[in-house]
Amino acid sequence: MRTRIIKVLHFYKTAFPDSMGGVEQVINQIARGTKRLGVESEVLSLTKDRNASTLEINGYLTHRAKLDFQLASTGFSASAFLRFSKLAKQADVIHYHFPWPFMDVVHFVANIKKPTVVSYHSDIVKQQNLLKLYRPLKNRFLLSVDRIVAASPNYLETSDILKKFSRKVTVIPYGLDKATYPMPKAERLQFWHDQFGPKFFLFVGALRYYKGLHILIEAAQGIDYPILIVGAGPIEAELKVQIAKLGLCNIHLLGHLSDEDKVALLTLCYGVLFPSHLRSEAFGVSLLEGAMYGKPMISSEIGTGTTFINIANETGLVVPPSDPEALREAIKYLWEHPEQAAEMGRRAEERYWKHFTADQMVHSYVDLYRDLVKNHHLT
């Protein structure tokens, strides 16, 4: 007997192609990967694009409601209420991606009676005053959904919110599909090799306050190893000022690069640096990319998924957060011990294949969707 198709609606503030961050990448991997397992996914997000058209990406539809305004990193859209209600009626499962306070409001206004799951991507760390106002709505929202998914056991153990709802929490680690990453052409590999030589460290990610890049720049004093920073974001200008003030010549801000160039640098780099120092960094997709490409990693212990990916002294080195001296020493150690670094990189790739493939993630989500639908029909 043929298993019936399950229709899933993902809802998050941003999605491909408007934004290519870690959460958006996870949504894309789930939506494209679950299709072959009998799940039809659609995505609803907000866009600054006035056209706000529906697009087909990687075999699924992404619907976009016009972003009206933003307040404290939360996008609001009047048209999203109707769009969400219509799409939710056609779906078997609603898959929310937290945090996004506007989403909670839409959930209650639409009066959802479908099975619901929330991927809990992060605690709210920065807007503490607004969090006090939002807390009652947040608690009510998390209480109302059927299941909550954390991306690592580390985050579940250290999040007060997740512990509060632990009876309905499942751990499904983020997964990546290496086959979806482009193979860099020989000329791109040669180009970057000519630019920075055969041995350099790499950071990839959005330039945001919680990424700890100011700590990395401070740590780069007194060492002359090339450190490449790939990505764009709101703190780019202040990082440039800090680099100039310290007179550093070994840090190179490369801005946003194509996927091919990013993969070329991941292929060539000696090790991956990931100095995020706040719990806003709940997992670290670009850290996982480093493991996928067999690189030793240096990250900070912040009680989140970063230390689920990077196991201290096994796949790399783990240092205390906000400690430039410890970070500097870790960088020096890897640089001066190439055999240990290579062995750590080998173990990192091994760990990726064992725990963090997209295939494992999508199978776990499909099992969860089927379980939700089955239980909903029984009630």
Side-chain angles (χ1 to χ4, degrees), residues 22 122-123 125-126 128 152 154-155 157-160 199-231 233-236 238-253 269-291 295-338 340-341 344-345 347-348 351:
S122 171
D123 292 334
V125 177
K126 198 179 181 189
Q128 286 301 313
S152 72
N154 307 51
Y155 214 84
E157 284 163 23
T158 57
S159 167
D160 291 338
K199 197 173 176 182
F200 57 85
F201 285 102
L202 179 69
F203 165 88
V204 178
L207 310 186
R208 299 191 187 281
Y209 70 96
Y210 59 84
K211 294 288 184 181
L213 291 165
H214 59 293
I215 302 155
L216 175 57
I217 290 166
E218 213 177 311
Q221 293 178 94
I223 52 176
D224 59 359
Y225 320 138
I227 296 171
L228 279 52
I229 295 176
V230 173
I235 64 164
E236 189 168 352
E238 57 198 81
L239 294 178
K240 284 179 178 172
V241 168
Q242 187 187 3
I243 291 165
K245 199 179 279 185
L246 295 174
L248 298 175
C249 300
N250 59 324
I251 293 216
H252 307 274
L253 289 172
C269 75
Y270 182 70
V272 166
L273 305 177
F274 204 76
S276 297
H277 63 305
L278 296 172
R279 285 181 59 78
S280 305
E281 190 68 79
F283 193 79
V285 169
S286 53
L287 183 66
L288 182 55
E289 288 174 333
K295 303 299 173 176
M297 301 167 281
I298 300 175
S299 58
S300 300
E301 177 54 86
I302 49 176
T304 73
T306 62
T307 323
F308 186 50
I309 300 165
N310 185 21
I311 308 297
N313 305 316
E314 185 181 313
T315 61
L317 301 174
V318 178
V319 299
S322 304
D323 189 337
E325 285 180 20
L327 182 55
R328 185 185 303 122
E329 287 307 309
I331 292 169
K332 280 169 74 174
Y333 182 87
L334 278 193
W335 188 270
E336 292 166 5
H337 296 83
Q340 287 96 319
M344 286 173 173
R347 288 193 203 123
R351 187 165 170 76

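Since the structure is predicted, the reported quantities are computational estimates derived from the model, not experimental observations. Computed from heavy atoms alone, side chains included, the values below leave out hydrogens, waters and symmetry copies.
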Evaluate the side-chain proximity of [Y] to [X]: yes if any heavy-atom separation is below 4.5 Å, no if none is.
| X | Y | value |
| --- | --- | --- |
| Ile229 | Leu207 | yes |
| Glu236 | Lys240 | yes |
| Leu239 | Val241 | no |

Taking every non-hydrogen atom, the tightest pair across [X] and [Y]:
| X | Y | value |
| --- | --- | --- |
| Met297 | Ala348 | CE-CB, 3.7 Å |
| Trp335 | Pro338 | O-CD, 4.1 Å |
| Ala326 | Asp323 | N-OD1, 3.1 Å |

N/O donor-acceptor pair under 3.5 Å between [X] side chain and [Y] backbone:
| X | Y | answer |
| --- | --- | --- |
| Ser152 | Tyr155 | yes |
| Thr304 | Arg279 | no |
| Tyr270 | Leu334 | yes |

I'd like to check the salt bridge (Lys or Arg N to Asp or Glu O under 4.0 Å) partners of [X]; sequence neighbours left out, ordered by chain and number.
| X | result |
| --- | --- |
| Glu329 | Lys332 |
| Arg328 | none |
| Lys199 | none |

**Asked** Who are the side chain to side chain contact (heavy atoms under 4.5 Å, CB included) partners of Gln340, not counting sequence neighbours?
**Response** Tyr333, His337

**Stepwise side chain to side chain contact (heavy atoms under 4.5 Å, CB included) test for Leu253 and Ile243** = CA-CA 10 Å; Leu253 289 172; Ile243 291 165; 3.8 Å; yes

**Request:** Output every pair passing ring-ring contact (aromatic ring centres under 6.0 Å, His included) with a member in residues 297-324, not counting sequence neighbours, ordered by first then second residue.
**Result:** Phe308-Phe356

Taking distance alone, no hydrogens or angles, what donor-acceptor pairs closer than 3.5 Å link side-chain atoms of residues 311-321 to residues at least two apart or in another chain?
{"residue": "Thr315", "atom": "OG1", "partner": "Asn310", "partner atom": "OD1", "Å": "2.7"}
{"residue": "Thr315", "atom": "OG1", "partner": "Ile311", "partner atom": "N", "Å": "2.7"}
{"residue": "Thr315", "atom": "OG1", "partner": "Ile311", "partner atom": "O", "Å": "3.4"}

**Message:** Taking side chain to side chain donor-acceptor pair (under 3.5 Å) as the cut-off, I'd like each qualifying pair that reaches into residues 201-212, sequence neighbours left out, listed once.
**Reply:**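 Pairs touching residues 201-212 that pass the test: Tyr209-Ser280, Lys211-Glu281.
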
Results of side chain to side chain donor-acceptor pair (under 3.5 Å) for [X] - residues two or more places apart only:
| X | value |
| --- | --- |
| Ser159 | Asp123 |
| Ser322 | none |
| Glu301 | Thr307 |

Atom pair [atom1] ([X]) and [atom2] ([Y]), whose distance is rounded to the nearest 0.5 Å:
| X | Y | atom1 | atom2 | answer |
| --- | --- | --- | --- | --- |
| Ile227 | Phe201 | CD1 | CZ | 7.5 Å |
| Ser276 | Ile215 | OG | CD1 | 8.5 Å |
| Leu287 | Ile309 | CG | CD1 | 4.5 Å |
| Asn154 | Thr306 | CG | OG1 | 7.5 Å |

Please tabulate, for the side chains in residues 216-226, all donor-acceptor contacts under 3.5 angstrom to protein atoms that are two or more places apart in sequence or on a different chain.
{"residue": "Gln221", "atom": "NE2", "partner": "Glu218", "partner atom": "O", "Å": "3.2"}

**With Phe274 via ring-ring contact (aromatic ring centres under 6.0 Å, His included) - residues at least two apart** =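 If we apply the ring-ring contact (aromatic ring centres under 6.0 Å, His included) test to Phe274, skipping adjacent residues, there are no hits.
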
